[in-house]
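One structure is given below, encoded as structure tokens.
Computed from a predicted model, the values in this text were never measured in an experiment. All chains are named by letter (A, B, ...) in the order of the sequence lines, taking the proteins before the strands, and each is independently numbered beginning at 1.
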Amino acid sequence: MDIVEVRDLTYKYPTSSDQVLRGVSLRVKKGEFCSIIGPNGAGKTTLCNAIRGLVPHFYKGDMQGEVLINGQSTMDVSLADLALSVGFVFQNPFTQISGIAKTVFGELAFGLENLGVEPDEIRRRVSRMLEVAKLQDLAERSPFEISGGQQQRVALASIIIMEPEILVIDEPTSQLDPQSTEEIFEIIQLMKMQGKTIILVEHKIDLVAQYSDHVVLIEDGSIVMDGSTDEILSDPAVLQHGTSLPQFALLGIEMRKRGYRLDKIPITEAQAVEQIGGYFTEKAVD
Amino acid sequence: MPYIEMKNVFFKYPNGFEALQDLSLDIDKGEKVAIIGQNGAGKTTMVKLINGLLKPTEGDIRINGKNTREYTTAKIAHWVSYVFQNPDDQIFHNDVISEISFGPKNFKMDDDKIEQNVKAAAELCGIEKFLEENPYDLPLATRKFITIASIIAMDTDVIILDEPTAGQDKKGIECLAQVIDHLRGKGKTVITITHDMEFVVNNFDRTVVMAQKQKAADGPTREIFWQEDVLQKARLKQPYISSLSLKLGLGGNNLTIGDFIAGLEQRRHS
């Protein structure tokens, strides 16, 4: 079943002169990890805003077409009710953090308090979330006195803890070092394993290749490529749309150019070992 | 004499937090140096010490022989300029052209020279069409290029870029590589902090690794990414192609796709 369906969506912000999204149609299955890639300014964040209902409920502007969450149009549901099914992690953690809670513990509890969850249950869930997000040591610190990387983890954890069915996550790792980036991807992967649907905007294409099931490439407000991760991220056409490919795919494409025979273009290290490893025993060259 | 000389430098923030311990580092004129390491390892503190925004608690830093303790930050800015990690900490004008012109004007360059520097810097950074716009109407990745252009227009000997790759798309990364090449061609020293290991191997011959407030390693990029103990200490990983080479037993300390293919060809012919 398609948990998210975007139908022929065209949108213009009140202040923009051009349409930011033009005839975008997209289906995301329940439990799928879908990554949205493409150049800066292509409309990735706006599409996220539309799935979360912030477009048009909060931003207003002109919208044509519709977005269905579990078959229901976002126009027919209030933002508050949509928040129960769609969790949204903003690009900038400063935008996300409530500014009300004095501690990281309180920040994680904030959403659950608003949902009217019982105090014992809140304590239990916050403790578990602190552990999953590796935030135990920061539990009593102010959310504003920790590093940018730690804030990105708190922002993500504060949404995950509400257990929305769908998580929309906009560039969660832009300020992070490689290790913290992988930790974020591991948390997201854990959510996928719990059956959540993930929609992620991310430039780190090697990690997109490693973790996602479905890849959508947006350029200039339109979806120009849409398919399985293997199919899209092994296709050199991606490079023509202002987007990079995984290192292993670039290697495979270059090897093919030089006459090496590969059954398919690898996109992850495991695939590269499988596809290229043969040349380290014996394999003919065209 | 190296152009930048850091000798046993320690730095403690006023709240008592020690961010850097016993750092010694020399950088020559015209070098391209990448600085890598985890968040909180001391990278930004280190470069702010080089351009005099911070002064060492202990030890000395000399720029072209001049001890930074004896000069104001405004003076040191004539030799070393710094692009902030967060562009919003740097930008304060209402239009792009005023922002880029600010540094050269402060240096009392004549009007023709200002106009020429601003135009050249904006073109190099691919933002010439935004000159009349308000920086805050432009996306973050573009604001980063505005701050880079502002620094390039000042035409200093040393240019420091703090995480220019964060949030950049393919075009942005390619533009950064061009900017760095161009600066290197003009004999500038370019120091860049980044978390993008592929960007490091494709653009820098020398890499400094920071870990737990100290310098963990300093050397040719090719050597650094094959020192397992250093990477482990700094909690960094090899570039993707190096890791694949290691898994497949392809020797030769490969870093890039070009290295990998050359290694493969060599194997085929032997």
task = List the atom of Glu265(B), the atom of Tyr260(A), and the distance in Å for their closest heavy-atom pair.
result = OE2-OH, 2.8 Å
Proximity breakdown for Ser244(A) and chain B, heavy-atom pairs closer than 4.5 Å = both
inquiry  = If you apply the rule side chain to side chain contact (heavy atoms under 4.5 Å, CB included), what do you find for Phe260(B) with Ile276(A), and how did you get there?
reply    = CA-CA 11 Å; Phe260(B) 188 96; Ile276(A) 301 168; 4.0 Å; yes
Spacing of NE2 belonging to His203(A) relative to NZ belonging to Lys170(B), to within rounding of 0.5 Å = 13.0 Å
ask   = By a 4.5 Å heavy-atom criterion (distance strictly below it), what part of Glu171(A) contacts chain B: side chain, backbone, both, or neither?
value = side chain
ask   = With only heavy atoms counted, which part of Ile36(B) is less than 4.5 Å from chain A, the side chain, the backbone, both or neither?
value = neither
request  = Can you spot which of Leu264(B), Leu244(B), Thr256(B) makes a side-chain contact (heavy atoms from CB on, under 4.5 Å) with Leu251(A)?
outcome  = Leu244(B)
message = If we ignore hydrogens and angles and just use 3.5 Å, is the side chain of Asn40(A) paired with the main-chain N or O of Gly167(B) as donor and acceptor?
response = yes
query = Most heavy-atom pairs under 4.5 angstrom with chain A, which of Lys247(B), Lys171(B), Arg235(B), Glu174(B)?
reply = Arg235(B)
key: Contacting moiety of Glu202(A), where chain B heavy atoms sit under 4.5 Å   = neither
key: Close approach to chain A in residues 191-212 of chain B, criterion heavy atom under 4.5 Å   = His195(B), Met197(B), Glu198(B)
key: Smallest separation among heavy atoms of Ser174(A) and Ala166(B), with atom names   = O-CB, 3.3 Å
inquiry  = Is Ile205(A) in contact with chain B via its backbone, its side chain, both, or neither, using a 4.5 Å heavy-atom distance?
reply    = neither
query = What part of Ser243(B) lies closer than 4.5 angstrom to a heavy atom of chain A: side chain, backbone, both or neither?
reply = both
ask   = Is the count of non-hydrogen atoms from other residues, nucleotides or ligands lying under 6.0 Å from Gln232(B) atom CD greater than 12?
value = no
inquiry  = Does any part of the side chain of Gln150(A), heavy atoms only, come nearer than 4.5 Å to the side chain of Asn39(B), both counted from C-beta?
reply    = no
Leu176(A), part contacting chain B, at a heavy-atom distance under 4.5 Å = both
note = Looking only at Asn86(B), Asp169(B), Leu138(B), most heavy-atom pairs under 4.5 Å shared with chain A are made by Asp169(B)
request  = Tell me, yes or no, whether the heavy-atom count around Tyr13(B) atom OH, taken from other residues, nucleotides or ligands under 6.0 Å, exceeds 12.
outcome  = yes
